[in-house]
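Following: one structure in structure tokens, then a few remarks.
Small disclaimer: the values here were computed from a predicted structure and weren't measured.
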Amino acid sequence: MTLGKYRQKRKFDQTPEPAGGTERESESRAASRFVVQEHHARSRHWDFRLEMEGVLRSWAIPKGPSLDPTAKRLAVLVEDHPLEYGDFGGTIPQGNYGAGVVMVWDRGTYHCLEGDPARALGGGKLTLMLEGEKLRGELHFVRTQRNEGRDWLLFKGKDEFARPDYDAAGTTSVASGRTIDEIRAAG
Ligand code: MN
């Protein structure tokens, strides 16, 4: 996967989203970045992005990630985004792809317990150890056969960071401390 699909969908003279540079070689290091963005577009969802092979591999999660291990959330694999997208929060103007408000909901680093995350993704099973501000500890991504294999399930592992009945909605940006309404009001 490359950034072609990401760029095709957007007019960079109209949206404040980054076009991204060339996909650089992924540095081999222990931890890579993850970011979760709350996105109020036609419908509200959360975009979960993992740094992998020089891009942000991305899933859209209608109900958002949960800290409750019994909450299995649908996560739909979507197009890769540029690494710079991880810092994006703000308003995508009407008439543009994904028009609406984006908040940096969580960010941090991750390790993949299977080893190379790109290989684990190809195998349909990612066991992540996250160090974010909201998401910490073990998180599982498991591919299903639905939607030509683009539908995954996301759920929290049972550890000291698990919280029953957790709801992703109604929290503030880890980048700015603002609520989604405050980001919207700022334009
Ligand atoms: Mn989105």
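W59 pairs with exactly one of L50, V78, L154, V76 by the side-chain contact (heavy atoms from CB on, under 4.5 Å) rule, that one being L50.
Annotation: cation-pi pair R136/F161 present, NZ/CZ under 6.0 Å from the ring centroid and within 45° of its normal.
Side chain to side chain, T70 and D68 meet the donor-acceptor criterion of an N or O pair below 3.5 Å. Counted by atom type alone, E138 and T127 present zero donor-acceptor pairs between their side chains at under 3.5 Å. With no hydrogens or angles considered, no side-chain donor-acceptor pair links T109 and R33 at under 3.5 Å. In this structure, a donor-acceptor pair under 3.5 Å is present between the side chains of T171 and K134.
Contact detail for A168 and K63: the closest heavy-atom pair is CB-O, 4.4 Å. Listed here is the closest heavy atom pair of G157 and P69: O-CG, 3.8 Å.
In this structure, P93 and T15 have side chains that are in contact, with non-hydrogen atoms separated by less than 4.5 Å. Using a 4.5 Å heavy-atom threshold, the side chains of V55 and P82 count as separate.
The aromatic rings of F155 and H140 sit parallel, their planes meeting at an angle under 30°, below the 60° perpendicular limit. Using a 30° and 60° split on the angle between ring planes, F88 and Y85 fall in the tilted class, from 30° to 60°.
Remark: R178 does not engage D181 in a salt bridge, criterion side-chain N to carboxylate O under 4.0 Å. Remark: D47 engages R49 in a salt bridge, criterion side-chain N to carboxylate O under 4.0 Å. E79 has a carboxylate O that lies under 4.0 Å from a charged side-chain N of R10, or vice versa, which qualifies the two as a salt bridge.
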Inset, instruction - Show your working on side-chain contact (heavy atoms from CB on, under 4.5 Å) between Y166 and K156 and close with a plain yes or no. - result: CA-CA 11 Å; Y166 181 87; K156 181 78 186 80; over 6 Å; no
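Atom CG of residue L139 and atom CZ of residue R73 lie 11.5 Å apart, to the nearest 0.5 angstrom. The distance from atom CD1 of I180 to atom CH2 of W105, rounded to the nearest 0.5 Å, is 12.0 Å. Between the CG atom in L128 and the OH atom in Y110 there is a gap of 7.0 Å [rounded to 0.5 Å]. One finds the CZ atom of R57 at 11.0 Å from the CD atom of E51 (value rounded to the nearest 0.5 Å). One finds the CZ atom of F48 at 11.5 Å from the CG atom of L56 (value rounded to the nearest 0.5 Å). Going from atom NZ of K72 over to atom OG1 of T144 covers 13.5 Å, rounded to the nearest 0.5 Å.
Judged purely by atom type and a 3.5 angstrom limit, S173 uses its side chain to pair as donor or acceptor with the backbone of V104. A donor-acceptor contact shorter than 3.5 Å is absent between the side chain of R146 and the backbone of R143. Counting only distance, with no hydrogens or angles, the side chain of D106 and the backbone of L135 share a donor-acceptor pair below 3.5 Å. Of the possible donor and acceptor atoms, one in the side chain of E182 sits under 3.5 Å from a partner among the backbone N and O of T179. A donor-acceptor pair under 3.5 Å links the side-chain atoms of H39 to the main chain of G98, judged by distance alone. H40 places no side-chain N or O within donor-acceptor distance of the main-chain N or O of E38, the cut-off being under 3.5 Å.
No more than 12 heavy atoms of other residues, nucleotides or ligands lie within 6.0 Å of CD in E131, so this atom counts as exposed by the packing criterion. Few gaps surround NZ on K9; more than 12 heavy atoms of other groups in view lie less than 6.0 Å from it. Residue-environment remark: CZ (R119) stays at or below the threshold of 12 foreign heavy atoms within 6.0 Å.
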